[in-house]
Number of protein chains: 2
Amino acid sequence: MTDHEGVTVLTRGQLARATGCNIETIRYYEKIAMLPEPPRTASGYRIYDDRHAIRLRFILRARELGFSIHDIRGLLELVEGGRQTCAEVKGRTERHLAGIRAKLADLEKMRQVLETAAAKCSGDNVPECPIIETLTSA
Amino acid sequence: MTDHEGVTVLTRGQLARATGCNIETIRYYEKIAMLPEPPRTASGYRIYDDRHAIRLRFILRARELGFSIHDIRGLLELVEGGRQTCAEVKGRTERHLAGIRAKLADLEKMRQVLETAAAKCSGDNVPECPIIETLTSA
DNA sequence: TCTTGAGCCTGTAGGTACTACAGGCCTTAC
DNA sequence: GTAAGGCCTGTAGTACCTACAGGCTCAAGA
């Protein structure tokens, strides 16, 4: 595909490569209306532009940061409705952060338990293992 | 249900309440053999005991920490296997530790990005939000 | 111009980890 | 004895993708 009036125009595969997104995932996002249905060529090929790429990157980044599709829909509505306030966005982010911090604390605990247990373990071929002791009595 | 020989005996609903697990999830875990099929009363009601509760709590905790069902099956073999050598157990533990460290790193990254973004955000009722900036510009 | 192969189209099915509902039997309390 | 609630089973739906299959289109080379 080529450019028109300085606007970069992409096929689905090109959008996928440009964003690092699986092509099937793009299709899925369209199906669930996370991405708008793009216009088509006469033969039915989809035509994407920069705005699609920007929106998709936003979605991918938010997914990477652990936001659910539902969360992201909310964020996108705020952003694109133009009526978002910083306070609303911050509130949502803080709630999400709280969940992440809780998971971090739990994982940290688990790491310590396993590391302590592994350190006590000689690795010799004996059937008594301190790791098992630790896990069963945790 | 009542107790027999000092062993606490639970129905499925009671097990659910005791562990904070959705009753349907217990059913699902039995279906996929994460939990053993418990014995039944004459009329067909399932009878659980403390060991079921312990195993279920372990599973729930591990799921919360982001382990897959597959991972947990491995962990449970560690805990309940008994017939493995210390070397085998240590190997498995080290692999799980690697998984935990990777998850910690991922979450830590998420936390930092989101905290940095949230810190920049005044929270005022203005439409320009640094968090959105963060999300739009990877 | 014809052909070939990559890329696009659609529908459908699978995977993981649950979650919800419907219709019926069992138990407990009044 | 009966009503409410809990348990039983099967089935279907959710979230978030991922992977085909079978067919059409487009660009490039012979």
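Chain identifiers are assigned alphabetically (A, B, ...) following the order of the sequence lines, protein sequences preceding nucleic acid strands; residue numbering begins at 1 within each chain. Worth saying up front: this structure is predicted, and the values here are computed from it rather than measured.
Side-chain N/O atoms of B/Arg46 include none lying less than 4.0 angstrom from OP1 or OP2 on D/dC7. Distances shown here put a side-chain N or O of A/Arg40 below 4.0 Å from the OP1 or OP2 atom of C/dT10. Side-chain N/O atoms of A/Ser43 include none lying less than 4.0 angstrom from OP1 or OP2 on D/dC24.
A salt bridge does not link B/Lys103 with B/Glu108: every distance from a Lys NZ or Arg NE/NH1/NH2 to an Asp or Glu carboxylate oxygen is 4.0 Å or more.
Residue A/Ser68 comes nearest to A/Arg63 through the heavy atom pair CA-NH1, 3.7 Å, listed as atom of the first residue, atom of the second, then distance.
The listed nucleotides are C/dC9, D/dT9, D/dC17; the one nearest the side chain of A/Arg12 is C/dC9. Comparing D/dT18, C/dT19, C/dT12 against the side chain of A/Arg27 picks out C/dT12 as the nearest.
When only modelled atom types and interatomic distance are considered, A/Tyr48 and A/Arg12 share a side-chain donor-acceptor pair under 3.5 Å.
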Considering only nitrogen or oxygen atoms on both sides, find all protein atoms under 3.5 Å from nucleotides 5-7 of chain C and state each distance.
{"unit_1": "C/dG7", "atom_1": "N2", "unit_2": "A/Tyr45", "atom_2": "OH", "d": "2.7"}

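Between B/Gly44 and B/Ile59, the one whose closest nucleotide on DNA chain C sits nearer the 5' end is B/Ile59.
What separates CD of B/Glu30 from P of D/dC8 is a distance of 8 Å, to the nearest Å. Atom CE of A/Met34 is separated from atom C1' of D/dC17 by 12 Å (rounded to the nearest Å). In this structure, NZ of B/Lys31 is placed 13 Å from P of C/dC18, rounded to the nearest angstrom.
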